Amino acid sequence: MSRIAYFGPQGTFTEQAARRLAPGEELIPAETIPAALAAVRSGAADAACVPIENSVEGAVTATLDSLSEAEPVVAVAEVLLPVHFSVLTRPGITEIRTVASHPHALAQVRHWVEANLPGARPVATSSTAAAAVAVDAGEFDAAVTAPVAVEHYPLEVRATEVADVRDAKTRFILVRTPGELPEPTGADRTSIVAAATNRTGALAELLTELAVRGINLTKLDARPTRNNFGEYRFFIDFEGHVAEPRIGDALAALRRRCRNVRFLGSHPRADNGTTEIEPGAANEDFTDAIGWVESVRKGAQA
Ligand SMILES: O=C(O)C(=O)Cc1ccccc1
C-alpha cells in the first residue's frame with residue numbers, strides 16, 4: 001500500500017481529493033501544504049495531495065511556492081472537486097462572534113457571513129478542518145468547513161451548501177518525486193515554473209514560444225522569488241504532454257530562453273477539456289519538419 005500525505009487534518013477538502021486520486025491507499029495528514037510536500041521529498045510518503053487552483057480565488061500560493069523550492073517534485077494526476085461549505089458551531093452556542101476557516105474558504109462565503117452572521121469576525125486558520133478543531137477547542141465560535149468535517153468533529157451543523165459563487169471548483173494534484181511519467185492521453189496538462197530574465201519583453205518572449213507552437217495556456221501565475229524586490233517566477237500550465245514533439249520543442253525553447261525552468265509534471269486533465277491543435281502545430285507536423293531538416297542536412301533533398 002502507498003502512503004499518501006495530504007493537506008489535513010482529517011476532514012479537509014484535500015482529504016476528499018486524496019481519496020479520489022489514491023483510493024484504498026494509506027492517507028497521512030500533514031498540517032501544512034509545505035509539510036505534505038516535504039513528506040514526499042524526504043521519502044516519508046510516496047505521494048502528496050495538495051490543492052493548486054480554485055475557480056473563484058485562483059492559485060493556492062502556498063502550493064506554488066513549495067513546488068518551486070527545495071527538491072523537484074512532479075504532479076502525476078489531478079482531480080476537480082466541487083466546493084461548497086458547511087458552517088459548524090459548538091452545540092448550543094447562541095452568539096457567533098468569530099468565524100474561522102482557511103482564507104480561500106472565508107473568501108468564498110464572505111457575503112453569506114455578512115448576511116447571516118452580521119458582525120462576526122473572520123479568522124484565518126491553516127485549513128478548513130483546523131478551524132473545526134479550533135471551534136471544538138473553544139477558540140472560535142464557528143468554522144467554515146467541507147461538508148464531511150462534521151463526521152470527524154463533535155460540532156453542530158448551522159448551515160450547509162454555503163457558497164457565494166455557485167459551482168465553485170478546486171483542482172487538486174497528486175505529486176511524486178520525479179520518475180516515470182504518466183502516459184499521454186491526448187487531453188493532458190503540462191506545468192512548469194520559469195524564471196524569466198530581467199529585461200524588457202522577457203515574459204512576452206516566453207509566452208510567444210508557446211503561442212507560435214499553437215500551445216494553449218490554461219493558467220498563468222506570477223510569484224515573487226522573495227530574494228530581490230520585483231523579481232518573479234511564472235507558473236505556467238498548458239495543454240499537452242512533454243512526450244509530444246510539439247511540447248518537447250516548446251520546453252527546449254523555454255530552457256534556452258529562461259534563467260531557469262523547472263518541469264512540474266504532465267498528466268491527464270480532469271476538466272474534460274479537449275486539446276485544440278492549430279494548423280501546422282500537430283505532433284506529426286513537428287516530426288515531419290525535423291525529418292525534413294535531417295534529410296536536407298544529408299543532402300537528400302532541398
Ligand atoms: O482547508 C481545506 O479543507 C483544503 O483542503 C483547502 C481548501 C480550502 C478551501 C477550498 C478548497 C480547498
Side-chain angles (χ1 to χ4, degrees), residues 4-22 25 27-40 45 47-67 75 77-89 98-113 122-137 139-140 142-153 155 157-175 219 221 270-271:
I4 315 294
Y6 71 92
F7 173 39
Q10 273 197 324
T12 55
F13 285 100
T14 311
E15 185 192 359
Q16 310 312 301
R19 290 188 186 286
R20 292 274 294 277
L21 286 167
E25 306 297 352
L27 299 186
I28 308 165
E31 274 294 312
T32 63
I33 289 171
L37 295 179
V40 178
C49 183
V50 290
I52 180 119
E53 175 184 17
N54 176 267
S55 61
V56 180
E57 274 298 293
V60 180
T61 52
T63 299
L64 298 189
D65 292 341
S66 318
L67 285 174
E78 68 176 34
V79 67
L80 268 182
L81 290 189
V83 173
H84 54 77
F85 303 90
S86 292
V87 177
L88 308 183
T89 58
T98 47
V99 183
S101 198
H102 185 276
H104 267 241
L106 290 173
Q108 291 180 67
V109 301
R110 196 175 292 129
H111 298 307
W112 185 93
V113 169
V123 186
T125 49
S126 61
S127 70
T128 56
V133 172
V135 167
D136 183 34
E139 290 171 39
F140 308 116
V144 178
T145 68
V148 74
V150 72
E151 293 169 23
H152 297 284
Y153 305 99
L155 299 175
V157 179
R158 177 85 174 218
T160 56
E161 308 274 327
V162 174
D164 292 347
V165 178
R166 289 177 73 85
D167 299 327
K169 291 185 178 57
T170 298
R171 186 162 63 90
F172 299 82
I173 51 174
L174 189 69
V175 166
K219 185 168 80 68
D221 287 291
D271 55 8

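Order of listing sets the numbers, starting from 1, for every ligand and every atom in it. The structure displayed is predicted, hence computed values, not measured ones.
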Can Val56 and Thr170 be said to form a side chain to side chain contact (heavy atoms under 4.5 Å, CB included), step by step? CA-CA 9 Å; Val56 180; Thr170 298; over 6 Å; no
Applying side chain to side chain contact (heavy atoms under 4.5 Å, CB included), run through Leu37 and Val50 and close with a yes or a no. CA-CA 8 Å; Leu37 295 179; Val50 290; 4.2 Å; yes
Might you work through the side chain to side chain contact (heavy atoms under 4.5 Å, CB included) test for Ile4 and Leu174, ending with a clear yes or no? CA-CA 9 Å; Ile4 315 294; Leu174 189 69; 3.9 Å; yes
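Listed here is the closest heavy atom pair of Ala168 and Ser55: CA-OG, 3.4 Å.
At least one donor-acceptor pair under 3.5 Å links the side chain of Asp164 to the backbone N or O of Trp112. In this structure, the side chain of Glu57 does not engage the main chain of His104 through any donor-acceptor pair within 3.5 Å.
Counting only heavy atoms of the protein, atom 8 (C) of ligand 1 lies nearest to His102 ND1, 3.7 Å. Looking at atom 6 (C) of ligand 1, its nearest protein heavy atom turns out to be Phe7 CE2, 3.8 Å. Of the protein's heavy atoms, Thr128 OG1, 2.4 Å lies nearest to atom 3 (O) of ligand 1. Residue, atom and distance of the protein heavy atom nearest to atom 7 (C) of ligand 1 are Phe13 CD1, 4.2 Å.
Proximity of Thr170 to ligand 1 is established by a heavy-atom distance of less than 4.0 Å.
The residue from Thr14, Val83, Val60, Val56 that puts a heavy atom closest to atom 10 (C) of ligand 1 is Val83.
Using a 4.0 Å cut-off to heavy atoms of Ser127, the atoms of ligand 1 that qualify are 1 (O).
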